[in-house]
Amino acid sequence: MHALIAELYPICRSITGDGFRHTLHRIAREIPLTIHEVASGTRVLDWTVPKEWNIRDAYVKNGRGERVIDFRRSNLHVVNYSVPVHRTLSLAELTPRLFTLPERPAWIPYRTSYYTETWGFCLAHRDLLALEDGDYEVCIDSTLENGHLTYGEYVIAGQRSDEILISCHCCHPSLANDNLSGIAVAIALAQHVAARRPSLSYRFLFIPGTIGSITWLARNEEKLVAIRHGLVLSCLGDRGGLTYKRSRRGDALVDRAATHVLRHTGAGHAILDFVPYGYDERQYCSPGFDLAVGSLTRTPNGRFAEYHTSADDLAFVTPESLADSYARCLEILDILEHDARYVNLNPKGEPQLGRRGIYNAMGGGHLPEFEFGLLWVLNLSDGQHGLLDIAERSGLPFGLIHRCAATLVAHDLLRPPRDGG
Amino acid sequence: MHALIAELYPICRSITGDGFRHTLHRIAREIPLTIHEVASGTRVLDWTVPKEWNIRDAYVKNGRGERVIDFRRSNLHVVNYSVPVHRTLSLAELTPRLFTLPERPAWIPYRTSYYTETWGFCLAHRDLLALEDGDYEVCIDSTLENGHLTYGEYVIAGQRSDEILISCHCCHPSLANDNLSGIAVAIALAQHVAARRPSLSYRFLFIPGTIGSITWLARNEEKLVAIRHGLVLSCLGDRGGLTYKRSRRGDALVDRAATHVLRHTGAGHAILDFVPYGYDERQYCSPGFDLAVGSLTRTPNGRFAEYHTSADDLAFVTPESLADSYARCLEILDILEHDARYVNLNPKGEPQLGRRGIYNAMGGGHLPEFEFGLLWVLNLSDGQHGLLDIAERSGLPFGLIHRCAATLVAHDLLRPPRDGG
Amino acid sequence: MHALIAELYPICRSITGDGFRHTLHRIAREIPLTIHEVASGTRVLDWTVPKEWNIRDAYVKNGRGERVIDFRRSNLHVVNYSVPVHRTLSLAELTPRLFTLPERPAWIPYRTSYYTETWGFCLAHRDLLALEDGDYEVCIDSTLENGHLTYGEYVIAGQRSDEILISCHCCHPSLANDNLSGIAVAIALAQHVAARRPSLSYRFLFIPGTIGSITWLARNEEKLVAIRHGLVLSCLGDRGGLTYKRSRRGDALVDRAATHVLRHTGAGHAILDFVPYGYDERQYCSPGFDLAVGSLTRTPNGRFAEYHTSADDLAFVTPESLADSYARCLEILDILEHDARYVNLNPKGEPQLGRRGIYNAMGGGHLPEFEFGLLWVLNLSDGQHGLLDIAERSGLPFGLIHRCAATLVAHDLLRPPRDGG
């Protein structure tokens, strides 16, 4: 996953344009992505698909013709979606167009202006301080013209038509954690799921933030009824602990599943309530849709100093964190696919497990965890409790409870759910 | 407010009599009070309006004719509602009639005997210890005769007939915090409310404790259905933090509103569950009425050492505390008047706020609180959540949420509630 | 109680056999027990009543004919339910049959093998280390043959047919806390209850663990509907604080009653959620029965080092702990018998308690607890709250609240529940 991130890192992405397209084409070499193009000007819910933005070069040159700000060194130097400009300005005229982080003098901030036509540059504060009085040649060789908004979609049909939505935004330029890490994890999950026949169907979306989810929602409203669970993935590569932000519903299965998995990691983690700010869960969880979509990150957006700066680079994300994020996602998906209400076929008293060879014959000592799991599954499988309920009540991990249920089904002590639900 | 308290402080009030009447007449110079008189012997719920008590003078003189206890120095010296007496007693005979606070030897306690005819004196414990053996002339020049119970009422008609009840007891003699502070704050609130046309109607009651609320309830049972919220005000002038005691219902709007306001003060405060002891909320919250009436104090009754002693004097209450209590009451009333369920008219996805000029055009940085409030109001205005719900969920103050809602209404993004509720 | 424990301690009990019978006969001298015999081979729910086990002697002799392990010194030396054996083995052949506690080298563990026919010995680890190489004569003079499972039952008819079930297991050999302590407390409770006419009926069961409750449940399913509350008693003699483990329902009256009593002890205690492991509550709380049966212990099974070892001896249980356990049980039973919803006959305002002589005439001071209790009972007796609800809300002990209710009934201010419920 880290290698893919390194490959995608230099591309100058935005919410539209060729950088975004190139990114999708690279993803399509990993998984069979369907790429959609939606024309500028198309009405999507309350919004309009904007003009397409492309950029070739940008710089600020001093009186000696030296590029003191150079897009070729970092695509963060240009305010994303800047309109074309080519003129000469004094330093005083230029300064209001320059954005820095005084408290982090070596870092370049990331700024955008998608819906107000303007232009500007971002740079390290120490470089701003080094600018001498005089005239500067300013050039942004960009185009902002009618074109298309592009997004990628990959659907994996499962045994049932109920869907899990995995969404990640791909519109950020050279930022590694936000959100190349989410893209990389989503691709790995898609490859894993596609290699077997999952019980639920999956829909992976690779979209520009906000306008991308709004566009997809506007074009696919009839498909929403099948979306039972969802995760927005981003910022999954930093060294922090995992953070799950609940869906607007707060107690959806995905909320409970993610909480269960994070609690059992044994590592520091955080479970946050829904807030209507963040990534595309804002749109999925708007009140007219109210989908059961939560958000999984490591350190959340805005909570790490490197957020939306040039310091969110390849060194900021680690293979270990990516691997851990991926593993925890699989555990969450495992719960979403396998949580179900089984029924104890011998509900009066405990069945004699020892006779069936699944319980220790020698009494008087302590009970192994697996036998404890068997007792929990039997006791709570009254048609009112699913396996995740049982895992939560017992404090045992879902995977163990699931194995216990399978053992009891094999011994005709438990009836599996009628159609997996 | 403190000046009015100082003016009312010397009057010897009780649950009936001219001291109470004089107090109401003074209040009537501030607000247009209606004064009710209810004859002694009138049955009110399970109680009977008692005889009217008036007192002119009282003393205990030693053998040298010196007043060792003198009503003219403090009206707390006489057990409130003492029957008339004039006789000579030995110190041994007198002592059982004398009440002191041994642990606070300089303070005079406040004692009453409204419903058992007796007499007695209260004095500083150090003064008790200084009494010499010998005979004492005891005189209480009081009358306890058929007359009236008096109370004051002020109704302010609002746009709706639903009422907020503000009740304070006025029966305590020279005690500043309990409850001249409550009286002063209630008057200021009434003046503020009367100066505009409030959305809800208001009823202010200035009554003797217990028997006053029982009398009012007995005579006004048909009006109770309109009382939607209420506050009993007392002990609002001391230097302690605010304390709100919930109504018997526990989750009434007034309970949630007061909790919200106190939490946002940033200062120490306490939220207490209902207990069937305290002031007139005992009667309003009796199970046959169960009104949504809470109690607001600073340090609650019985929790400060000066409570019901001569140390609850003018120095014990401060203009700053009174002003803070008044301001917080206004915030609570603001919630009671303006909490309502708005409806998001664009519930699918977020509306594009930037296009409407109410959202920062430059992306990538941090979100101002007002914009965060807009997102919260939009996200939760699904017909199920009121503005206070949104304030609680978001952690933002009600006033900000209310302003956000008004902004969204002005942009046709939110439908106001049909009739303010 | 401690004397009875000492008398029963030496008997070698098991889940069947004469040791169990002798124990029941001794109990029958204290309370009029009905003794039931159920034949081996009888099907009971998913189980089968096992063969009856009896043992006369057992030993391991070294080459010099000395008993290096001797059943006559402790009946824990034999794995309970060992089949007969008499042969000579080398130390290497014998060792897999020997069970010790290496971390507690002076203690003999307690082990059983009820449902797998085998044999073995338990001994102190230091004695195992002292065994020399050589041949050993091994003898277990036991029988495992068709016979009966035995249990005792004692029903006390109360004013109502609703029952409280008190169950304790009696199948452990020389272990004092687990569960001779439970037996002793149960007998004392039965004697106390039988000496009066309780409002509820009681059923005391003295049974072998697991198979005993399964057998009783299988034979008495039609009686379960009357069981409204229950307690499994065990481990009530050690020096630890009390522990209550909730029923599977979690919020049954017995759960709330035990929680209330333990919280008011002022001593360390624990309230645990139900887990499907422990004693016979496993069977009573299986999902097909789901009885409101909790478990009361001091230190719970498995949580004290002496558990299931020879160190659970007569010195481990104290008369003080037994007396405290007994007293707390009575308090729990008092709540189960007397919790009820009374109705305030004067719900509008407070009734005038002073007029009735049950409230302090002199006002201004602090309220005694009894008067506070009167106000709480009046305020919450709206037909929705029982006395335990009121005790919980007020923080006052149930006994006080119960006395307050009786006082108010005597003054015609409260209507008792129609039929005690």
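Order of the sequence lines fixes the chain letters, A, B, ..., with proteins taken first and strands second; residue numbering starts at 1 for each chain.
- Using a 4.5 Å cut-off between heavy atoms, B:Asn379 contacts chain A through both its backbone and its side chain.
- Here OH of A:Tyr277 is found 13.0 Å from CG of B:Leu374. Values are rounded to the nearest 0.5 Å.
- Highest contact tally toward chain B, considering only A:Pro287, A:Ala218, A:Pro109, A:Cys285, is held by A:Pro287 [criterion: heavy-atom pairs under 4.5 Å].
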Under the side-chain contact (heavy atoms from CB on, under 4.5 Å) criterion, do B:Lys348 and A:Leu224 qualify, and how do the steps go? CA-CA 12 Å; B:Lys348 295 183 176 178; A:Leu224 300 185; over 6 Å; no

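- When atom types are taken as modelled, the side chain of B:Glu350 and the backbone of A:Gln283 share no donor-acceptor pair closer than 3.5 angstrom.
- For the side-chain hydrogen bond (donor to acceptor under 3.5 Å, both in side chains) condition, the pairs that include at least one residue of residues 252-261 of chain B, sequence neighbours left out, are B:Tyr244-B:Asp255, B:Ser247-B:Asp255, B:Arg256-B:Asp389, B:Arg256-B:Glu392.
- Counting all heavy atoms, side chain and backbone alike, B:Gly349 lies closest to A:Ser286 at N-OG, 2.7 Å.
- Rounding to the nearest 0.5 angstrom, the gap separating the CD atom in B:Gln352 from the CD1 atom in A:Ile214 is 8.0 Å.
- Considering CG of A:Asp46 and CG of B:Leu353, their distance stands at 8.5 Å, rounded to 0.5 Å.
- Here side-chain hydrogen bond (donor to acceptor under 3.5 Å, both in side chains) pairs that include residues 262-276 of chain B, with residues two or more places apart or in two chains, are B:Arg246-B:Asp273.
- For chain A, the nearby part of B:Leu378 is the backbone; its heavy atoms alone come within less than 4.5 Å.
- Looking at A:Leu217, neither its backbone nor its side chain comes within 4.5 Å of chain B, counting heavy atoms on both sides.
- Within the model, atoms CG of B:Leu375 and CZ of A:Arg282 stand 5.0 Å from one another, a figure rounded to the nearest 0.5 Å.
- The minimum heavy-atom distance linking B:Trp376 with A:Pro276 is given by the pair CE2-CD, 3.2 Å.
- Within the 4.5 angstrom heavy-atom criterion, no atom of A:Tyr81 approaches chain B.
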